[in-house]
Protein chains: 2
Amino acid sequence: MNTYKTKADLFHILSHPVRLQILDELRKRQACVCHLQAVTKRPQAYVSQQLKILRDADLVIDEKDGQNVFYRLTCDLTRELLKETIGQAGGPSHPEGCTCPFCSQEK
Amino acid sequence: MNTYKTKADLFHILSHPVRLQILDELRKRQACVCHLQAVTKRPQAYVSQQLKILRDADLVIDEKDGQNVFYRLTCDLTRELLKETIGQAGGPSHPEGCTCPFCSQEK
DNA sequence: CGCTTATATGCAAAAATTGATATATAATAA
DNA sequence: TTATTATATATCAATTTTTGCATATAAGCG
């Protein structure tokens, strides 16, 4: 179905600062939960909750690798909407205190 | 300011089926409240309240003409976002039972 | 076990929705 | 002209529903 409700639901997912920040970060590259924790400076449970919402809406997909779970964007529409509102995606970030594979390796 | 909060607030305005429908209709051409009432099939007070929200967010602007108040879109970003999600704007609609100037004249 | 991630529960705050009422303009009768 | 009625729109108040976020706990992997 392609109702206004459906479209509104998508916008609803995006209408949250932390979810938006998470999506913006994932737009740069995939990331594990602890990385997103460091980026958003929020408790782990909180980040996981938001990720569940994004997962349920099929905006992100998760893939387990050892003890880490990596998330990435699934949908091009999301990228377009982020581009329209936030602008071009930035480069990978290395937030203070993140010990994820990417951050340890590249810093 | 250009924080995630600011962007999220915009998405929040859009995250509502009736507001979305109103914006989609205004994208075709300006419209008075009674027209939007007929299009959305909602009580007048309800439509007015949604219009107030859209006004406060500077997404629409109102102009009084006699007893009618005409609303139109103000913002190009809104048009872009609607286009990305809903697609191209359709032609003017003439909902059943609307007695607004446009609908009376053209039908 | 320690580390990372996911889920469950609770509650205050905010938002959606509905109903009643107020205001302003126009049309019409006296 | 004034008084009255109808129409269009806005605002207020009350209620229900949803969200945001914290705390506690569970589950899976090395």
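Proteins get letters first, then strands, A, B, ... in listed order; numbering begins at 1 in each.
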**Complete:** Shortest non-hydrogen pair, A/Glu84 vs B/Leu77, comes out as O-CD1, 3.6 Å
**Request:** Can you tell me the distance, in whole Å, between the OH atom of A/Tyr46 and the P atom of D/dT19?
**Result:** 13 Å
**Asked** Of all the nucleotides listed (D/dA8, C/dA20, C/dT7), which has the minimum atom distance to the side chain of B/Ala45?
**Response** C/dA20
**Asked** What's the closest nucleotide to the A/Val69 side chain, out of D/dT11, D/dT19, C/dT5?
**Response** C/dT5
**Prompt:** Taking only N and O in the side chain of B/His16, is any of them less than 4.0 Å away from OP1 or OP2 of C/dT17?
**Reply:** yes
**Request:** Identify, with sequence neighbours excluded, every residue that meets side chain to side chain contact (heavy atoms under 4.5 Å, CB included) alongside A/Gln37.
**Result:** A/Val33, A/Cys34, A/Gln44, A/Val47
**Prompt:** Taking for each residue the nucleotide of DNA chain D bearing the nearest heavy atom, is the 5' side occupied by B/Asp62 or by A/Lys64?
**Reply:** B/Asp62
**Item:** Rounded distance in Å - CD (B/Gln37) to P (D/dT7)
**Value:** 13 Å
**Message:** Which residues in residues 17-36 of chain B have a heavy atom closer than 4.0 Å to any atom of DNA chain D?
**Reply:** B/Cys32, B/Val33, B/Cys34
**Request:** Applying side-chain contact (heavy atoms from CB on, under 4.5 Å), run through B/Leu26 and B/Arg72 and close with a yes or a no.
**Result:** CA-CA 6 Å; B/Leu26 292 182; B/Arg72 54 179 200 272; 5.6 Å; no
**Message:** Taking any heavy-atom pair under 4.0 Å as a contact, classify A/Tyr71: base, sugar-phosphate, or nothing.
**Reply:** sugar-phosphate
**Request:** Would you jot down, in residue-number order, the residues of residues 49-58 of chain A having a non-hydrogen atom under 4.0 Å from DNA chain C?
**Result:** A/Gln49, A/Lys52, A/Arg55
**Message:** Keeping A/Ser15 on the side-chain end and B/Ala8 on the backbone end, is there a donor-acceptor pair under 3.5 Å?
**Reply:** no
**Asked** Rounded to whole angstroms, how far apart are CG on B/Asp9 and C1' on C/dA14?
**Response** 13 Å
**Message:** What is the separation between atom CZ on A/Phe70 and atom C1' on C/dT4, rounded to the nearest whole Å?
**Reply:** 11 Å
**Prompt:** Between C/dT5 atom C1' and A/Asp65 atom CG, what is the distance in whole Å?
**Reply:** 14 Å
**Request:** Please check the phosphate of C/dA15 (OP1 and OP2 only) for any side-chain N or O of B/Ser15 closer than 4.0 Å.
**Result:** no
**Request:** Send over the distance from A/Asn68 CG to C/dA6 C1', rounded to a whole Å.
**Result:** 14 Å
**Prompt:** In whole angstrom, what separates A/Phe11's CZ from D/dT19's C1'?
**Reply:** 20 Å
**Prompt:** Has the side chain of B/Thr74 got a donor or acceptor atom that lies under 3.5 Å from a matching backbone atom of B/Ile61?
**Reply:** no
**Message:** According to a hydrophobic-cluster definition based on side-chain heavy atoms being under 4.5 Å apart (Ile, Leu, Val, Met, Phe, Trp, Tyr only), do A/Tyr46 and A/Val39 belong together?
**Reply:** no
**Prompt:** Rounded to the nearest 0.5 Å, what separation is found between the CG atom of A/Leu23 and the CG atom of A/Leu59?
**Reply:** 6.0 Å
**Item:** Nearest-0.5 Å distance that lies between atom NZ in A/Lys5 and atom CD in B/Gln21
**Value:** 14.0 Å
**Message:** Test your reading of the model: is there a side-chain donor-acceptor pair from A/Arg19 to the backbone of A/Ile13, 3.5 Å cut-off?
**Reply:** yes
**Prompt:** D/dT19, D/dA10, C/dT4: which one has an atom nearest the side-chain heavy atoms of A/Thr99?
**Reply:** C/dT4
**Prompt:** Please give, in whole Å, the distance from D/dA22 P to A/Gln44 CD?
**Reply:** 13 Å
**Asked** Where does the angle between the aromatic ring planes of A/Phe102 and A/Phe70 fall among parallel (under 30°), tilted (30 to 60°) and perpendicular (over 60°)?
**Response** perpendicular
**Message:** Quick check for you: among D/dT11, C/dC3, C/dA6, whose closest atom lies nearest to any side-chain atom of A/Gln67?
**Reply:** C/dC3
